[in-house]
2 protein chains.
Amino acid sequence: MSVGHTEVTDPAALSCAEDCGVRDVQDRLGDKWTVHVVVELSSGVRRFRELQRLVPGISQRMLTLTLRRLERDGLVTRTVHPTVPPQVEYELTATGYSMTRLIRALVDWSLDHRGIIAESRRAYDERREARP
Amino acid sequence: MSVGHTEVTDPAALSCAEDCGVRDVQDRLGDKWTVHVVVELSSGVRRFRELQRLVPGISQRMLTLTLRRLERDGLVTRTVHPTVPPQVEYELTATGYSMTRLIRALVDWSLDHRGIIAESRRAYDERREARP
DNA sequence: CCGTATCCGGAGCGATACTG
DNA sequence: CAGTATCGCTCCGGATACGG
């Protein structure tokens, strides 16, 4: 089994009945904020407030939840500095950083095909509109 | 840098406020059945019933919904043969097939890191249990 | 500054029943 | 065989208020 092939992917990879951890990654990649947060962290250490400014639209609650999940999965470290006012820094781990390459693949594919997808949708919807 | 891709190099590509199509792909990759269905279709043409057997646990309703969305996005073609009983065949388009490479990246990354993630979770949860 | 607690609407998905 | 139609549950995520 070489890498960089052009042939069919092995279906058995996903057929492991218990979803062998793929589901967990899908959940993170699929949710609303994780990808954005990881992307911001990819450029270096960030504080909580800083992240909230960098990720427009995210609420305090969702930023906390997202960071906790990343921390739990070992993708992000959280360091508290016992200062006044409190200061907490977040940073990608090696694993977290390696995920940015996966995200990159996701983004590249999306950008490469967004035109085709959009056009396909437009055509599909138009076809459907004509058949009530 | 990379060849054959768009010129986007900065991960901040995700910062495009309107989510430039990445959200759509995340939604498909993140939902419960799309990846499984695409993987099964990657080995060739399949009929509806066939897919339902190949993807254990999927309901008729969800298989229909999943296939419709894939068709709408131009990732799958649907051909109806006017026979009795009816016979409908699904097949990946070139775009759909190219997505299998993205899925492969997802699966590979997940398998490579599932151990570390699982262990990190175990440790995190244990730490938390000790602090009520 | 950095969180946690609570309430609530909406989307995703499963179960079931019914058609051509 | 290959769908469509309904109902109901669950859980994500937004808004808001409060605490260290």
Side-chain angles (χ1 to χ4, degrees), chain A residues 19 23-38 40-41 45-73 76-91 124 127-129 131-132, chain B residues 19 23-37 40-41 45-73 76-91 124-125 127-129 131-132:
Chain A
D19 252 329
R23 177 78 261 149
D24 296 323
V25 180
Q26 285 182 266
D27 287 342
R28 293 309 100 229
L29 250 49
D31 77 17
K32 195 166 180 183
W33 300 111
T34 297
V35 167
H36 289 280
V37 170
V38 170
E40 292 308 328
L41 285 174
V45 179
R46 297 289 177 202
R47 294 179 55 184
F48 189 90
R49 263 268 149 204
E50 212 172 349
L51 281 172
Q52 198 168 9
R53 275 190 302 269
L54 289 168
V55 181
I58 195 170
S59 66
Q60 207 163 29
R61 169 188 146 86
M62 287 317 295
L63 180 54
T64 300
L65 283 180
T66 303
L67 287 169
R68 286 298 173 279
R69 293 195 275 236
L70 287 170
E71 188 194 358
R72 187 169 106 99
D73 286 1
V76 157
T77 60
R78 175 175 179 268
T79 38
V80 182
H81 296 90
T83 62
V84 175
Q87 181 167 343
V88 182
E89 288 180 336
Y90 294 93
E91 187 174 15
Y124 182 93
R127 251 176 285 141
R128 292 252 134 180
E129 250 172 66
R131 322 252 159 142
Chain B
D19 254 330
R23 177 78 261 146
D24 295 323
V25 180
Q26 285 182 266
D27 286 341
R28 294 309 101 229
L29 250 49
D31 77 15
K32 195 165 182 182
W33 299 112
T34 297
V35 167
H36 290 279
V37 170
E40 292 307 328
L41 285 174
V45 179
R46 297 290 177 202
R47 294 178 57 183
F48 189 88
R49 265 265 148 202
E50 212 173 349
L51 281 172
Q52 197 168 10
R53 275 190 302 269
L54 290 168
V55 181
I58 194 171
S59 68
Q60 208 163 29
R61 170 188 146 86
M62 288 316 296
L63 181 53
T64 300
L65 282 180
T66 302
L67 287 168
R68 286 297 172 282
R69 292 195 276 236
L70 287 170
E71 189 194 358
R72 186 169 107 100
D73 287 0
V76 157
T77 59
R78 175 175 179 268
T79 37
V80 181
H81 297 90
T83 62
V84 176
Q87 182 168 344
V88 182
E89 288 181 335
Y90 294 92
E91 187 174 15
Y124 182 93
D125 293 344
R127 250 176 286 143
R128 292 252 134 180
E129 250 171 66
R131 322 253 162 147

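Letters A, B, ... mirror the listed sequences (proteins, then strands); counts begin at 1.
Summarising the geometry, the separation between CZ on A:R46 and C1' on C:dC1 is reported as 17 Å, rounded to the nearest angstrom. Nucleotide D:dA2 holds its P atom 7 Å from the CD atom of B:Q87, rounded to whole Å. Atom NE2 in B:H36 sits roughly 14 Å away from atom C1' in C:dC13 (whole-Å rounding). Between the P atom of C:dT19 and the CZ atom of B:F48 lies a distance of 18 Å, rounded to the nearest Å. At whole-Å resolution of the value, CD in B:Q26 and C1' in C:dA11 are 17 Å apart. As a whole-Å value, the separation of B:D31 CG from D:dT10 C1' is 17 Å. The CG-P distance, from B:L51 to D:dG3, rounds to 10 Å in whole Å. Distance CD (B:Q52) to C1' (C:dA15): 13 Å, rounded to an integer number of Å.
Backbone-only contact: B:R69 has heavy atoms under 4.0 Å from sugar-phosphate atoms and none from a base.
Checking the phosphate oxygens (OP1, OP2) of D:dC1, no side-chain nitrogen or oxygen of B:R47 falls inside 4.0 Å. OP1 and OP2 of D:dC1 both lie 4.0 Å or more from every side-chain N or O belonging to B:Y90. For D:dA2, neither phosphate oxygen OP1 nor OP2 lies less than 4.0 angstrom from any side-chain nitrogen or oxygen of B:R68. One finds no side-chain N or O of B:R49 lying less than 4.0 angstrom from the OP1 or OP2 phosphate oxygen of D:dA2.
Comment: B:R23 engages B:D27 in a salt bridge, judged by a side-chain N to carboxylate O separation of less than 4.0 angstrom.
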Residues 50-58 of chain B side chain polar contacts: donor-acceptor under 3.5 Å, at least two apart:
{"from": "B:E50", "atom 1": "OE1", "to": "B:R47", "atom 2": "N", "distance (Å)": "2.9"}
{"from": "B:E50", "atom 1": "OE2", "to": "B:R46", "atom 2": "NH1", "distance (Å)": "3.0"}

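Comparing A:W33 and B:V80 along DNA chain D, the residue whose closest nucleotide (by nearest heavy atom) sits nearer the 5' end is B:V80.
Contact annotation: the side chain of A:F48 approaches that of A:T64 to within less than 4.5 Å [non-hydrogen atoms, C-beta and beyond]. In this structure, A:D24 and A:D73 have side chains that are not in contact, with every pair of non-hydrogen atoms separated by 4.5 Å or more. B:Y124 is listed as a side-chain neighbour of A:R68, based on a closest heavy-atom distance under 4.5 Å. Between B:L67 and B:Y90, some side-chain heavy-atom pair lies under the 4.5 Å cut-off.
Every residue two or more places apart in sequence or in another chain was checked for a side chain to side chain donor-acceptor pair (under 3.5 Å) with B:R69, and none qualifies. In terms of the side-chain contact (heavy atoms from CB on, under 4.5 Å) criterion, residue partners of B:V80 (sequence neighbours excluded) are, by chain and number, B:R78, B:V88. Every residue was checked against the side chain to side chain donor-acceptor pair (under 3.5 Å) condition with A:Q60, not counting sequence neighbours, and none meets it.
Taking the C1' atoms of five terminal pairs at each end of the helix from C:dC1-D:dG20 to C:dG20-D:dC1, the two resulting helix axes are inclined by 40°, rounded to 10°.
Scanning residues 55-65 of chain B for heavy-atom distances under 4.0 Å to DNA chain C yields B:R61, B:M62.
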